[in-house]
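Being a predicted model, the structure only gives us computed values, none of them experimental. A note on names: the letters A, B, ... follow the listed sequences, proteins ahead of strands, and every chain is numbered from 1.
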Amino acid sequence: MEQQKQFEMAKVYAPREMEDRIYEMWEKSGAFKPKIDKSKKPFTIVMPPPNITGQLHVGHALDEMPQDVLIRYHRMKGDPTLWLPGTDHAAIATEVKVVEALRKEGRSKHDLGREAFIDRVWDWKKEYGGRIVKQLRKLGVSCDWSRERFTMDQGLSRAVRETFVRLYEKGLIYQGWRMINWCPCCQTSISDAEVEYEEQNGSFWHLLYPVKETGEMLELATTRPETMLGDTAVAINAEDERYRHLHGCHVVLPLINKEIPIVCDEHADMTKGTGVVKITPAHDPNDYEVGKRHDLPMVRVFTYDGHMTGKAEAEENARLIAEGRATKDEPVVLDCGVYAGMTTMEARKAIVRDLENLGLLKKVEPLTHEVGTCYRCHNTIEPMVSKQWFVKMAPLAKPAADAARNKDIVFVPERFEKTFLNWMDNTRDWCISRQLWWGHRIPAFYCDACAKVHVSREDLTVCPDCGAPLRQDEDVLDTWFSSALWPFSTLGWPDDTEDFNYFYPNSVLSCGYDIIFFWLARMVFSGIEQTGKCPFPVALMHGLVRDAQGRKMSKSLGNGIDPLEVIEKYGADALRFSLEIGVAPGADVRLSEEKIETYRNFANKIWNASRFALMNMQDFAPKGVPSKDKLALSDKWILKRFNDIVRTLTDNMESFDLGMGAYNLYDFIWSYFCDWYIEMAKHELNGEDAEARLATQETLNYVLTGLLKLLHPYMPFITEELYSYLPGHEGMLIEASWPEAKPEFDFDEEAARMDAVMDVIRAARNLRAEMKVNASKRATLILKPAAGMEPAFRLAEGYLNRLAAASSVEYLGAGDPTPEKAASAVTAGTALFIPMGELVDVEKELARLNKELENTLGEIKRSEGKLANPGFISKAPAALIEQEKDKIEKNKAHAEVLRERIGQLA
RNA sequence: GGGGUUAUAGCUCAGUUGGUUAGAGCGUCACGUUGACAUCGUGAAGGUCAUAGGUUCGAGCCCUACUAACCCCACCA
């Protein structure tokens, strides 16, 4: 049976053949479902929900990696482990996609109407929403698909509504006219966090406004001349001597000849430009504040779709005002006359041209400045005064910031705590209403009869006060409003469910640092407000994926790596490892196909090491743990080193040093296990001594099995496959056990002696390489062992033969003369000689030995200098002083052997 | 303007609370293939740890200043 297995095992690792099969097996076995055990502490992570519009890209792959590694580690440790997956409805992104699809059919969402449009989006969701979820499986994510959630499913919608009503009832959600960011393209408001600033080339137009009282021209500059029709004042600084005579005066707004006041306000900066600034309260955030301070009227000149307002809009507005339905906070709409209906850009040109014709354009300066753009469509944001819903942030931000300051939430790495606090301490109210159809509709109901607003957990049709019919608010909520509840809404909150009670708070939240404000911060304050608990004690951040040159991956640069393609080519394990190895928490990752190839090669290495092990375990029935009696020196050495790596890896996992853990494993498996241990084990495995062979088989099996387990969180597929081949658990899934270091295998002394032997092997190889000896040519190795080392070398002769190409090993006593026609080297007091007859160039040999002697003497001097320093003696730890003394001893012995050899050759 | 990060070998990066003669991968060069693996092995070359001070018995690591690159937030009339 086993015999067959071996021959079935391909010589080359072929991930494609196994990964889908293994994933299916995992899913069928229910391995990813936690077993709730009240006596145990669970380990929980909720997956950042990808957008249903999404296609898997390397960013997702990076996002999943730390989570899957931690989840698999904790599952192996035996913790009831839940990784909860799901998707986000992505209000704007999805709506834009579907609107686009409709446009191709020659229709608009308004042609369909609200209900039909939403049906259409659900259809779209059914068709494409599952795509990313299928693709995620290719990465090997071990989440519990039976608990998959969607931000707009019934339960989560109820959580959203409950949250909204609670916040409203506490006065933490309010509706009002405020300055907001308006995207004329998406035709919706967006939050401050959704504005991205881009550097753009623009102009600085210097305009002249005539002063009514004095007739002089007041020069001011603007980057947005199209807003001038909405100016309701001009501001100067009260301290500005240049304009002291204008206090209380007015200017006549050109083009519409409207008289507006000159006001004194701190916003006017004397050091900038002419110190005069035009004030457009309806279209600029700063001017809005100035307007409030001076009780200036607000005049709106832009429509919500990016045109200049005209007669129709102005009349509609006038009507509302006349009927008393417009509040004081609401801007007055201007009929822009000849400019009406123009886009803002057309109006800019026309207004500048007209001003120039009037001689009121003094000059135009080019400038580059940061312009706010929509994070979705990248069109320029227009600041607008608009009626929206807001979350009052101050009372929510305070406890969230406290949680970070009290370390109820810890950031990994630490520095992101500052980013988080900086935002929490300065955040402004959150605009949560979006003028979209796809999303959670705002549960506010208006009564036109009694002008009341009802916010309710249930849909209302008639006014509870007056019985008149109600109409629901047309807007939906910011998509992040629902994702902010993700750590608990997915577990059944607001109901008192078993999942919620057991798995909340979550254990860790892992996401990219680019969504700290969008998501993480909002989860923290929402969790604290709604559940009274910080939703997770640890925020593990990761960075961005970049290309080999460190650039962001983007379609326009064409430098993207398609994860599905590279999985197809190199396997998911290779991709996973590439994204994790050597990456410090929070650091960006450079990814290239070459890098992925390197770790595919690593997988192949493991594959072949296992193949080797299996070939040598045909006749072997493991007892599980090697018995100590017959272990070879190399067995003891690897058992000790394996203990070390188990301890290290466990530390790495517990401290979230996942990149370090991967690196440690790579190094251990390739160098310690493959290059050294397997090569040495060949001696015992091919030897005559049946008991020694058995002991090595036990060791090989024990260590390899353990290594596969340690590597499993990073490379789940190949480790699962190989594990199932190893004797003792053929066909089994990797059991839920994380390896433990066994103190009885801490063979410190033997390991140290083995290391000394390895030094000699390296020195011999080095000599041979320098002498350009053909690797297949064997030669006698003559050793003059350091004190007490001869027994170790005798035990290790098999390794010396095999790894240092020694045809035989001879030993010299302390007083014995050393061979002359030999290349020589000294390591830790042991001298080694390889007789090479005439090949040896005595001059070169001497030069080399002298150089080494010089180095050694230098070292001794350095150590002696240290020890001669009274400060060092009195303050350094005793162990270090001992170490330094020890070093002198060793180096002296080393130098002695070198001198002896030099003396003999010279 | 506020906050943050980075600077170590040709390239990409490690380097834990300060404690050997600063490491790895890739690349380069030399040698090597008959049975785990050329998706491989062995060996070598290559670094004044950005700069200047400081603290310390001791600094790649801590502090200050400076230089350069990058990121985030705010602002730019």
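In RNA chain B, stems built from 3 or more consecutive Watson-Crick or G-U wobble pairs, each with both distances under 3.5 Å, span B:1-7 with B:67-73, B:10-13 with B:23-26, B:28-32 with B:40-44, B:51-54 with B:62-65.
Checking A:E770 against A:D192, the closest nucleotide of RNA chain B that is more toward the 5' end is the one next to A:E770. Projected onto RNA chain B by closest heavy-atom contact, A:R765 and A:G273 fall at different nucleotides, the more 5' of which corresponds to A:R765.
Side-chain polar atoms of A:E382 and A:H283 form no donor-acceptor pair below 3.5 angstrom. A donor-acceptor contact closer than 3.5 angstrom is absent between the side chains of A:Y725 and A:S610.
To the nearest angstrom, P of B:rC72 lies 8 Å from OH of A:Y513. Atom CG in A:D269 sits roughly 15 Å away from atom P in B:rC75 (whole-Å rounding).
With B:rA77, B:rG19, B:rG43 as the candidates, the nucleotide lying closest to the side chain of A:V277 is B:rA77. Side-chain atoms of A:K875 lie closest to B:rC57 of the nucleotides B:rA14, B:rA77, B:rC57. Each of B:rG43, B:rC57, B:rA74 was ranked by its minimum atom distance to the side chain of A:Y197; first place goes to B:rA74.
Within the nucleic acid shown, A:A879 has no heavy atom closer than 4.0 Å to any nucleic acid atom. Within the nucleic acid shown, A:Y13 has no heavy atom closer than 4.0 Å to any nucleic acid atom. When heavy atoms are screened at a 4.0 angstrom cut-off, A:F517 is found touching the sugar-phosphate backbone but no base atom. Contacts of A:K278 with the nucleic acid, taken as non-hydrogen atoms under 4.0 Å apart, involve only primed sugar atoms and P, OP1 or OP2. Residue-level contact check: A:P877 touches the bases, meaning some heavy atom is under 4.0 Å from a base atom. Within the nucleic acid shown, A:R600 comes within 4.0 Å of at least one base atom, counting heavy atoms only. Across all strands, A:T223 comes closer than 4.0 Å only to sugar-phosphate atoms, never to a base (heavy-atom distances).
Among A:Y570, A:F602, A:Y663, A:F717, the single residue meeting the ring-ring contact (aromatic ring centres under 6.0 Å, His included) criterion with A:F577 is A:F602.
Relative to the ring axis of A:Y666, A:K605 does not place its NZ or CZ within 45° and under 6.0 Å from the centre.
In terms of the side-chain hydrogen bond (donor to acceptor under 3.5 Å, both in side chains) criterion, residue partners of A:D231 (sequence neighbours excluded) are, by chain and number, A:Y209, A:K278, A:T280. Residues meeting the salt bridge (charged side-chain N to carboxylate O under 4.0 Å, His left out) test with A:E852, sequence neighbours left out: none.
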Nucleotides 3-12 of chain B: which of its N/O atoms have a protein N/O under 3.5 Å away?
{"from": "B:rU12", "atom 1": "O3'", "to": "A:R590", "atom 2": "NE", "distance (Å)": "3.1"}

List, with names and distances, any nitrogen or oxygen atoms from the protein found under 3.5 Å away from nitrogen or oxygen atoms belonging to nucleotides 33-38 of chain B.
{"from": "B:rA36", "atom 1": "OP1", "to": "A:K682", "atom 2": "NZ", "distance (Å)": "3.4"}
{"from": "B:rA36", "atom 1": "O3'", "to": "A:R611", "atom 2": "NH2", "distance (Å)": "3.1"}
{"from": "B:rA36", "atom 1": "O2'", "to": "A:N608", "atom 2": "OD1", "distance (Å)": "2.7"}
{"from": "B:rA36", "atom 1": "O2'", "to": "A:R611", "atom 2": "NE", "distance (Å)": "3.3"}
{"from": "B:rA36", "atom 1": "O2'", "to": "A:R611", "atom 2": "NH2", "distance (Å)": "2.9"}
{"from": "B:rA36", "atom 1": "N7", "to": "A:K682", "atom 2": "NZ", "distance (Å)": "3.3"}
{"from": "B:rA36", "atom 1": "N6", "to": "A:E679", "atom 2": "OE2", "distance (Å)": "3.1"}
{"from": "B:rA36", "atom 1": "N3", "to": "A:N608", "atom 2": "O", "distance (Å)": "3.1"}
{"from": "B:rA36", "atom 1": "N3", "to": "A:A609", "atom 2": "N", "distance (Å)": "3.2"}
{"from": "B:rC37", "atom 1": "OP1", "to": "A:K11", "atom 2": "NZ", "distance (Å)": "3.2"}
{"from": "B:rC37", "atom 1": "O4'", "to": "A:N608", "atom 2": "OD1", "distance (Å)": "3.2"}
{"from": "B:rC37", "atom 1": "O4'", "to": "A:N608", "atom 2": "ND2", "distance (Å)": "3.4"}
{"from": "B:rC37", "atom 1": "O2'", "to": "A:N604", "atom 2": "ND2", "distance (Å)": "3.1"}
{"from": "B:rC37", "atom 1": "O2", "to": "A:K605", "atom 2": "NZ", "distance (Å)": "2.8"}
{"from": "B:rC37", "atom 1": "N3", "to": "A:K605", "atom 2": "NZ", "distance (Å)": "3.1"}

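The shortest side-chain heavy-atom distance between A:Y599 and A:L579 does not fall under the 4.5 Å cut-off.
Residue A:T598 places no side-chain N or O under 4.0 Å from the OP1 or OP2 atom of B:rG25. Using a 4.0 Å cut-off, no side-chain N or O of A:N426 falls inside it from OP1 or OP2 of B:rC73.
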Check against salt bridge (Lys or Arg N to Asp or Glu O under 4.0 Å), A:E889 and A:K892: CA-CA 5 Å; A:E889 288 307 304; A:K892 278 187 172 165; 5.2 Å; no
ring-ring contact (aromatic ring centres under 6.0 Å, His included) assessment of A:Y375 paired with A:F518: CA-CA 12 Å; A:Y375 83 124; A:F518 279 118; 5.6 Å; yes
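Of the residues in residues 647-667 of chain A, those with a non-hydrogen atom less than 4.0 angstrom from any atom of RNA chain B are A:M660, A:Y663.
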